[in-house]
Amino acid sequence: MGQLLRVQNFMVSSDGFGTGEGQSLERPFGHADPGALFAWAGATASWPNRTDPGGSRGLDDYFTRDFSHHIGAEIMGRNKFGPQRGPWQDHEWQGWWGDEPPFHTPVFVMTHHPRPSFTLSDTTFHFVEGDPASVLARAKQAADGKDVRLGGGATVVRAFLDAGLVDTLHVAVAPVELGAGVRLWESPDELLDRYHRDVVPSPGGAVTHHLFWRN
């Protein structure tokens with residue numbers, strides 16, 4: 001099938017928001033509680049930040065384990081990297097992800113204000129300007145034959161969907177309402193003119209998994 005552009009484990013509220021309002025350094029998800037959106041993955045045995053034994057198996061665990069499978073690069077928007085807007089004021093600050101980012105691949109951060117690339121552990125961040133197709137072409141080249149993950153946020157995912165570039169999409173819909181923020185969709189039915197969809201409840205009932213692939 002060649003290289004795919006995949007959205008994996010993207011989490012939204014029941015009213016379609018990927019993040020809330022008021023994003024800041026202290027609150028990457030704005031007024032949204034990330035614990036309410038991520039609880040299903042955090043409860044699995046394969047959650048990478050797990051510090052105690054145990055955790056659930058089954059479908060939720062499969063999605064958690066599959067997050068990095070055959071991924072050679074990631075694309076994200078600037079708001080997923082950090083809360084700064086406009087020209088970069090502080091090159092010493094290197095994002096929300098700490099000294100050991102969870103990506104383990106090249107990451108292409110879409111921004112109108114490029115800055116020098118840097119590496120943390122085995123993740124290199126590149127800051128790039130361009131339309132979705134041109135950024136995807138760079139990411140596919142860096143992925144060295146593997147797939148590219150489109151990490152978000154919601155605005156970036158929507159831009160690639162609207163450009164017809166997303167091959168597969170997994171969205172975990174949590175049973176919480178945010179009321180405002182950055183919206184992925186009004187309804188998942190919006191994508192049915194372009195994608196097949198399966199809807200599978202989480203075994204524990206924490207979320208509903210929506211799986212899309214191209215018609």
Side-chain angles (χ1 to χ4, degrees), residues 5-42 63 67 74-89 93 95-97 101-103 107-115 125 127-133 135-136 139 148-195 197 199 206-212:
L5 180 62
R6 296 156 53 188
V7 177
Q8 295 176 272
N9 300 1
F10 194 80
M11 304 172 199
V12 302
S13 63
S14 60
D15 49 353
F17 293 99
T19 59
E21 289 185 323
Q23 184 191 52
S24 67
L25 180 62
E26 296 75 21
R27 297 188 64 86
F29 284 80
H31 80 280
D33 174 11
L37 300 176
F38 285 78
W40 69 275
F63 285 130
F67 181 73
E74 163 127 355
I75 298 170
M76 68 171 63
R78 179 170 173 175
N79 291 1
K80 183 175 177 179
F81 177 80
Q84 301 179 40
R85 305 291 186 267
W88 298 94
Q89 302 296 322
W93 193 78
W96 274 312
W97 305 102
F103 308 107
V107 175
F108 293 83
V109 181
M110 297 181 69
T111 173
H112 295 300
H113 301 279
R115 60 181 277 184
F125 291 93
F127 300 85
V128 297
E129 185 172 16
D131 61 24
V135 173
L136 178 58
V148 175
R149 181 173 54 236
L150 182 60
T155 300
V156 167
V157 173
R158 195 74 220 195
F160 279 79
L161 284 169
D162 292 345
L165 298 172
V166 177
D167 295 298
T168 66
L169 180 76
H170 165 227
V171 180
V173 180
V176 297
E177 290 192 7
L178 294 181
V182 183
R183 189 189 288 277
L184 177 65
W185 56 40
E186 295 279 351
S187 165
D189 293 349
E190 296 168 11
L191 304 183
L192 295 184
D193 61 332
R194 290 165 283 167
Y195 293 89
R197 177 183 62 178
V199 180
V207 293
T208 302
H209 299 290
H210 290 249
L211 307 169
F212 299 85

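The residues of the chain are indexed from 1 along the displayed sequence.
Of the possible polar contacts, none joining the Asp15 side chain to the Glu177 backbone as a donor-acceptor pair under 3.5 Å is found. Put simply, the side chain of Arg27 never gets that close to the backbone of Leu25: no donor and acceptor are under 3.5 Å apart. Side-chain N or O atoms of Arg6 include none that pairs as donor or acceptor with a backbone N or O of His170 at under 3.5 Å. No donor-acceptor pair closer than 3.5 Å links the side chain of Arg183 to the backbone N or O of Ala154. Here the side chain of Tyr195 pairs no donor or acceptor atom with the backbone of Leu169 at under 3.5 angstrom. Proximity of a side-chain donor or acceptor of Glu74 to a complementary backbone N or O of Phe103 within less than 3.5 Å is not detected. Side chain of Glu21 to backbone of Gly181: no donor-acceptor contact under 3.5 angstrom is found.
Ring orientation note: the planes of His209 and Phe63 are tilted relative to one another, at an angle of 30° to 60°. Aromatic ring pairs are classed by plane angle as parallel below 30°, tilted from 30° to 60° and perpendicular above 60°; the pair Phe212 and His210 is parallel.
Taking the six-membered ring where the residue is Trp, the centroids of Trp88 and Phe127 are separated by under 6.0 Å.
Side-chain contact between Phe125 and Arg115 is absent, with no heavy-atom pair separated by less than 4.5 Å. Here the side chains of Val171 and Trp185 are in contact, with some heavy-atom distance below 4.5 Å.
Scanning both residues, Gly130 and Met110, for their nearest heavy atoms gives O-CE, 3.6 Å.
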